Number of protein chains: 2
Amino acid sequence: MLSHKAKYALKALLYLAQQEETHVSRTIEIAEAATIPKKFLEQILLDLKRGHFVGSKQGKFGGYYLLKSKNDITLADIHRLFDGAIALLPCASLNFYERCSDCADESECLLRHGLITIREETLKAMEGITIASLVKK
Amino acid sequence: MLSHKAKYALKALLYLAQQEETHVSRTIEIAEAATIPKKFLEQILLDLKRGHFVGSKQGKFGGYYLLKSKNDITLADIHRLFDGAIALLPCASLNFYERCSDCADESECLLRHGLITIREETLKAMEGITIASLVKK
DNA sequence: ATTAATTCTATAAAATTAGTAGAGTTTAAA
DNA sequence: TTTAAACTCTACTAATTTTATAGAATTAAT
């Protein structure tokens, strides 16, 4: 399941994707349009900025705008940024790999093989969902 | 990601699937073989029993055994039993459906459509992974 | 200088997860 | 019928994560 943070991030990105390219959106404007607690959204937008998905303009008349093309922001990206690994266990993850402490010999683990298959399939599906594809409904 | 409970459940089921059909396995035996805290495993086996995946024999010389065929226990089943919905948000779930409180009109939600697609694809993948397929490596 | 915005750090309440404790019940066998 | 060995059940606890909130600092336009 997605965390609220990831869900809010996606909703904020969808909002930004629907604005004119030149428009910068204030946090409060996004928060009200997408029903997201404003102070929580502040953090989320900063995370998105650090992930180089959005840019910001500071000071009066400042706000946020999409930095990457809406075609290049995928569900997999946002999942990884806010909720971490796509894989079902760390030992089956590419970007968040970690050994299981309860596993004597990883190469012998019956579970891992199946979970790698799952990761490959869900990753492909999640990379197919972009902000652009969501906006197009 | 899978919870430890779900991971332990899968490891326990894999252990049971590798025993002879007539054999009943004691909790302590499974715990030691699969490196699972015994008292934690007790709870997990009871959950698996209530889900009709395993059966038990009480009293001295009692223990657990597979109730369902290893071909009929899927990763999706175990995910649902221990970790709930397969879908990324409750509003996109079949078995754990819930409305989002921050969503004014669900039929208008741009996110939901994409998440239903993802759910369909990952569900298909997860239903393809059975205890039998994992044992066969 | 003032206003309106982002940025940053700290804090807090609630929920979830992971695991432990201990008493109760059931069954086989001596 | 007693004992041993197993499952069953309920409650509890500690740690972690999640979901925020608060407030001061910084930036930029007018």
Side-chain angles (χ1 to χ4, degrees), chain A residues 1-12 16 23-32 34-65 67 79 81-85 88-90 96 98 100-102, chain B residues 1-12 16 23-32 34-65 67 79 81-85 88-90 96 98 100-102:
Chain A
M1 297 274 279
L2 290 181
S3 64
H4 282 205
K5 254 191 176 174
K7 178 176 75 167
Y8 292 158
L10 289 165
K11 286 172 73 174
L16 293 179
H23 183 68
V24 307
S25 305
R26 287 170 303 142
T27 304
I28 185 71
E29 171 190 339
I30 305 169
E32 284 172 359
T35 324
I36 303 169
K38 193 216 164 198
K39 287 299 264 181
F40 201 20
L41 181 58
E42 284 180 10
Q43 288 182 4
I44 292 164
L45 288 168
L46 281 174
D47 287 337
L48 285 170
K49 190 189 172 184
R50 292 185 189 115
H52 306 105
F53 295 102
V54 302
S56 73
K57 189 169 176 304
Q58 282 196 338
K60 198 171 183 179
F61 303 117
Y64 291 92
Y65 51 90
L67 196 59
H79 190 286
L81 183 60
F82 292 96
D83 295 347
L88 289 174
L89 287 182
F96 296 84
E98 246 180 278
C100 285
S101 63
D102 58 316
Chain B
M1 296 273 279
L2 290 181
S3 65
H4 281 205
K5 257 191 176 173
K7 177 175 76 168
Y8 292 157
L10 288 165
K11 287 173 73 174
L16 292 179
H23 182 68
V24 307
S25 305
R26 289 169 302 143
T27 304
I28 185 70
E29 172 190 337
I30 305 169
E32 285 173 358
T35 324
I36 303 168
K38 193 215 165 201
K39 287 299 266 180
F40 201 21
L41 180 57
E42 283 180 9
Q43 287 182 4
I44 292 163
L45 287 168
L46 280 174
D47 288 337
L48 285 171
K49 190 189 172 185
R50 293 186 187 116
H52 307 105
F53 295 103
V54 303
S56 73
K57 189 170 175 306
Q58 282 196 339
K60 199 170 182 180
F61 303 116
Y64 291 92
Y65 51 91
L67 196 59
H79 190 287
L81 184 60
F82 292 97
D83 295 346
L88 289 174
L89 287 182
F96 297 84
E98 247 180 277
C100 285
S101 63
D102 57 315

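Just so we're on the same page: letters track the sequence lines, and every chain starts at 1. For clarity, every value in this text was computed on a predicted model and none was experimentally measured.
Checking D:dA4, D:dT21, C:dT7 against the side-chain heavy atoms of A:Q58 singles out C:dT7 as nearest. Residue B:L46 places its side chain closer to D:dT8 than to any other of D:dA29, D:dT8, C:dT7. Set against D:dT19, C:dC8, D:dC9, the side chain of B:E42 has D:dC9 as its closest nucleotide.
Of the side-chain N and O atoms in B:H4, one or more sit less than 4.0 angstrom from OP1 or OP2 of C:dG19. An OP1 or OP2 oxygen of D:dC9 is reached within less than 4.0 angstrom by a side-chain nitrogen or oxygen of B:R50. A:K49 has a side-chain polar atom (N or O) that falls below the 4.0 Å cut-off from OP1 or OP2 of C:dT7. Phosphate contact (OP1/OP2 of C:dT7, side-chain N/O of A:S56, threshold under 4.0 Å): present.
When heavy atoms are screened at a 4.0 angstrom cut-off, A:Y8 is found touching the sugar-phosphate backbone but no base atom. Looking at heavy-atom distances under 4.0 Å, B:G59 makes contact with a base. Contacts of B:F40 with the nucleic acid, taken as non-hydrogen atoms under 4.0 Å apart, include base atoms.
Between the side chain of B:K39 and the base of C:dG22, a donor-acceptor pair under 3.5 Å is found. In this model, a side-chain donor or acceptor of B:Q43 finds a partner on the base of C:dT20 within 3.5 Å.
Residues A:Y64 and A:S56 are in side-chain contact: their nearest non-hydrogen atoms beyond the backbone lie under 4.5 Å apart.
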